[in-house]
Amino acid sequence: MKQGFNPFLPSYEYIPDGEPHIFDGRVYLYGSHDRFNGKDYCENDYVCWSSPVDDLKEWRFEGIIYTKEDDPHKADRKILFAPDVLKGKDNRYYLYYSIAHSSVISVAVSDKPAGKYKYLGDVSLPNGHVYGSAAGDYYQFDPGVFMDDDGEIYLYSGFCPRQDEDELGRKYVGCHVCKLEDDYITMKTKPKIVIEKNPDFYDETRYFEAPSMRKFNGKYYLIYSVRIGGLHYAMSKYPDRDFKYMGRLHSTSDVGINGFNAENPAYPNGNTHGSLIQIQDKYYVFDHRYSNASSYSRQAVAEEIFMDENGCFKQVEATSCGLNGGPLKAVGTFLSYIACTLIDRNEYKDKEEKALKQVRITQDGEDREEGENQYVSRIHNECVIGYKYFDYDEKYDEVLIEITIRGEAKGRLNIRSNYNGEIESYINIDCNNTTWIKEKSEYIRIKNHRKNALYFDFIGDGEFDLKEFRFEYV
C-alpha cells in the first residue's frame, strides 16, 4: 500500500509558494521553483505538478510551464516570484506573476492548466499605465487572483517590509485588491487596501506578503504570510472589504502550538506562502518548508485542516504524513527526510556559523529533476529529529528501530514517543564510516498502537547523517 508523506513531491523537487487549484478533476499545484543549493529565491523556471482529486498520494510532473526567457522584460535579477492561476470565462488559463524588483504583475495564458503559457501583457490601468511602474503606485508583489460566483475578477497583492516605499517611490501599504476587466489585464479601478500596514514589524499577526483568496460556504478567506510565523487568515462577507483577523492556519515550524514560538521553533523557521483548498469534502492547507539550512531550497508540504461549525479554522500542526489521510503505517523503511521536527539546541556565534554547522535536511549531488536521496545531515550533540505520526501493528507488543547512518560520531541516540517524554529506548552510536551502516535499538514496549510520534535525540561527540529508519516487530 502506497503511503503519502511530507514533503508530498519527490525529495529532489523544490516548489515553494504553492497555490493549489482544481481543474477537470485534478489538483494542480502552481508555485515558485527553487534550486537545490541555490543562492537566491526562485532561481528555476515555473513547473507544474498535479494529482487526481481522489488520490492525493499520486502526484504527476506536468513539466515546465513558463520560463524566464518567456517573459519579455529586462531585469538584472530576472527570477520568477510566486505565481497564481485563474481559469477564465473563456476556458483559458491565466498565469499571474512578477519578476524580481519589477513591482509589476504580468500575465501569461494557455489553453491547458499545465501550459505551456505564453506572455499576454502587464496589469494596467484603463489609460494604459502599467500599474506598479511609477512612484506613488502601490507596490505589486505576490499576486493572488480570484473569480467570484458573479464573474467579478479580483487581483490581490502587497508586500510590507519595514520601510514605507521602495527606492522608486512605490508604496508599501499593506494588502490591496483591484477588480479586473474580462481581458484579464486591465484594472477596472485602482487598488484599494483591504489589510492596512501594521507599523509594528514584529507583531506576530502582521500582514507581510503572499495574499491568497478562497471562498467557502459564502464566506471569503484571505490567507497571507506573516514575517516568520506561518500562514494566517482573515475572514469577511465580502471579497474586498471588512476583513477580520482570525488566527494562524499553519506553521511548518509549529510556531504558536505545542510550546513552540518563532524564537524556539520545532523546525527551521522562515518565510512562507500557501493557501487553503477544499478537495471533495475535506479541507487542506498548502505551505512550504525549508531544507539545506537555507531560504533558497524550499519544499511543498500540505496538511488536512478542519473547519468548525462557524466556518473557522484552527491551526493544524506540521506532520510527516500530510496528505496520507491519517497516520503512517509503521511497517518497513522510511526515508529520514520526512522529518517534521528538526531542532538544534546548540548556540552559535552568528548566522554564518549556524548556517554552516546546524543540523539540516539535504541531498547529495546537484539540483536535478529525478533521483531521490534527501537525508538528515550533520546530526550532533543536542540535535532532535522528529516524525509524526505512526500507527503500530496491532498484532505485536514490541518494536525495534533500525537506522542507517554514516559519519564520525560516538554517543547515544535516544528514542522517545513524546518530545519531552521519557526515553523508551536508545541506539549506541559508534561510527567512523563514509559508507552507510545499520544500527539497531533495543525492543520498545508498545503502550499505544495509534498515532505515535517518533523522536531521536543525540547526546555525544562528532556528527553523522541519517538516511532512513526501519520498524521491526516481535
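Note: hydrogens, waters and symmetry copies are ignored here, and every other heavy atom, side chains too, is used.
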**Study point:** Ile64, CD1 atom: more than 12 neighbouring heavy atoms under 6.0 Å
**Key:**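 Check fails, neighbour count at 12 or below.
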
Side chains of [X] and [Y] only: does a donor on one sit below 3.5 Å from an acceptor on the other?
X: Ser377; Y: Asp465; answer: yes
X: Asn37; Y: Asp367; answer: no
X: Tyr30; Y: His21; answer: no
X: Asp142; Y: Tyr224; answer: no
X: Asp84; Y: Tyr94; answer: no
X: Glu303; Y: Asn6; answer: yes
X: Glu317; Y: Tyr389; answer: yes
X: Lys388; Y: Ser320; answer: no
X: Tyr375; Y: Arg406; answer: yes
X: Gln140; Y: Ser98; answer: no

Is [X] salt-bridged to [Y], cutoff N-O under 4.0 Å?
X: Asp70; Y: Lys118; result: no
X: Glu472; Y: Lys440; result: yes
X: Glu468; Y: Lys438; result: yes
X: Glu394; Y: Arg450; result: yes
X: Arg368; Y: Glu370; result: no
X: Arg35; Y: Glu366; result: no
X: Lys2; Y: Asp55; result: no

Check your understanding: Under 4.5 Å between any side-chain heavy atoms of Tyr284 and Leu56, yes or no?
Key ->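 A side-chain contact under 4.5 Å exists here.
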
Practice item. Take the angle between the ring planes of Tyr387 and Phe456 and call it parallel below 30°, perpendicular above 60°, tilted in between. Key: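 Geometry flag for Phe456 against Tyr387: perpendicular rings.
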
**Study point:** Aromatic ring pairing Phe469/Phe390, orientation class (parallel under 30°, perpendicular over 60°, tilted between)
**Key:**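 It falls in the perpendicular class, over 60°.
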
Practice item. Tell me, please, which residues at least two apart from Tyr337 pass side chain to side chain donor-acceptor pair (under 3.5 Å). Key: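 Once residues adjacent in sequence are excluded, the partners of Tyr337 under the side chain to side chain donor-acceptor pair (under 3.5 Å) criterion are Glu372.
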
Review point. Yes or no on ring pair (Phe, Tyr, Trp, His ring centres under 6.0 Å) for Phe313 and Tyr283, after CA distance, side-chain angles and deciding distance?
Key: CA-CA 10 Å; Phe313 293 98; Tyr283 296 92; 5.5 Å; yes

**Study point:** Member of Val107, Leu80, Val85 meeting the side-chain contact (heavy atoms from CB on, under 4.5 Å) criterion with Tyr97
**Key:**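 One option only clears the test, and that one is Leu80.
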
